Amino acid sequence: MARALRLFVYGTLEPGGGTAMGDWIAERLVGSRQACAPGRLHGIPAVGAWYPALTRGAGWVRGTLCDLRLRPGDLARLDRYEGREYRRIASPVRTASGRVIAQLYLWRIALPDGAPVIADGDFPGWLRGNRLRAYGLSGT
């Protein structure tokens, strides 16, 4: 039996972002729209790539509000992919049509030394502007 989930994504889970997990999200997508969530965004280095970390703090993080139709086991797969560094929480998210509550992944451990703040809260834009690669790109 399928389960509905409203999920705010802001980095490697974004549908259309070119990552394997973004493609996985896109396969389960029944609707999406641009949105912002409260918090602060940081870049986390991985081997030859980057992924984002949303922490509590002043500011807004840009992303996509996804309405998903999940199959049994899908939510557990998402949680495993995000790992122990993240905790899935319910949070207010702002869209053009108003405020809604959605699930999102919040960074829950100490940030690595030197993790840069992404001041405008736009992870894909930050990657492009700095000529960096997202972690988990499809086909690599």
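The analysis underlying the following values was restricted to heavy atoms, covering all of them including side chains, and did not include hydrogens, waters or symmetry mates. Just so you know, these numbers come straight off a predicted model, no measurement behind them. If you read the sequence from its start, that first residue is 1, and numbering goes on from there.
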Measure the spacing between [atom1] of [X] and [atom2] of [Y] and express it to the nearest 0.5 Å.
| X | Y | atom1 | atom2 | result |
| --- | --- | --- | --- | --- |
| Leu70 | Leu78 | CG | CG | 6.5 Å |
| Asp23 | Thr19 | CG | OG1 | 6.0 Å |
| Gln103 | Arg88 | CD | CZ | 5.0 Å |
| Arg6 | Leu65 | CZ | CG | 5.5 Å |
| Phe123 | Leu41 | CZ | CG | 7.5 Å |
| Leu13 | Leu104 | CG | CG | 11.0 Å |

Is [Y] close to [X] at the side-chain level, that is, under 4.5 Å between some pair of heavy atoms?
| X | Y | result |
| --- | --- | --- |
| Cys36 | Val93 | no |
| Trp60 | Pro38 | yes |
| Thr12 | Tyr81 | yes |
| Ile44 | Glu85 | no |
| Val9 | Pro15 | yes |
| Leu106 | Arg56 | yes |
| Tyr105 | Asp79 | yes |

Residue from Leu7, Ile25, Thr64 passing side-chain contact (heavy atoms from CB on, under 4.5 Å) with Ser32 = Thr64
task = Among Ile118, Asp122, Leu54, find the residue that satisfies the side-chain contact (heavy atoms from CB on, under 4.5 Å) test when tested with Tyr10.
result = Leu54
ask   = Do the ring planes of Trp107 and Tyr51 sit parallel (below 30°), tilted (30 to 60°) or perpendicular (above 60°)?
value = tilted
ask   = So Leu68 and Val30, side chain to side chain contact (heavy atoms under 4.5 Å, CB included) or not? Walk me through it.
value = CA-CA 6 Å; Leu68 303 173; Val30 293; over 6 Å; no
task = Report the C-alpha distance between Asp120 and Arg62 in whole Å, list the side-chain angles of each, state the deciding distance to 0.1 Å, and finish with yes or no for side chain to side chain contact (heavy atoms under 4.5 Å, CB included).
result = CA-CA 8 Å; Asp120 67 357; Arg62 294 191 235 177; 3.6 Å; yes
task = Please say whether more than 12 non-hydrogen atoms of neighbouring residues, nucleotides or ligands are located less than 6.0 Å from CZ in Arg40.
result = no
query = Can you check side chain to side chain contact (heavy atoms under 4.5 Å, CB included) on Arg71 and Arg3, steps first, answer last?
reply = CA-CA 6 Å; Arg71 295 176 274 239; Arg3 171 184 176 178; over 6 Å; no
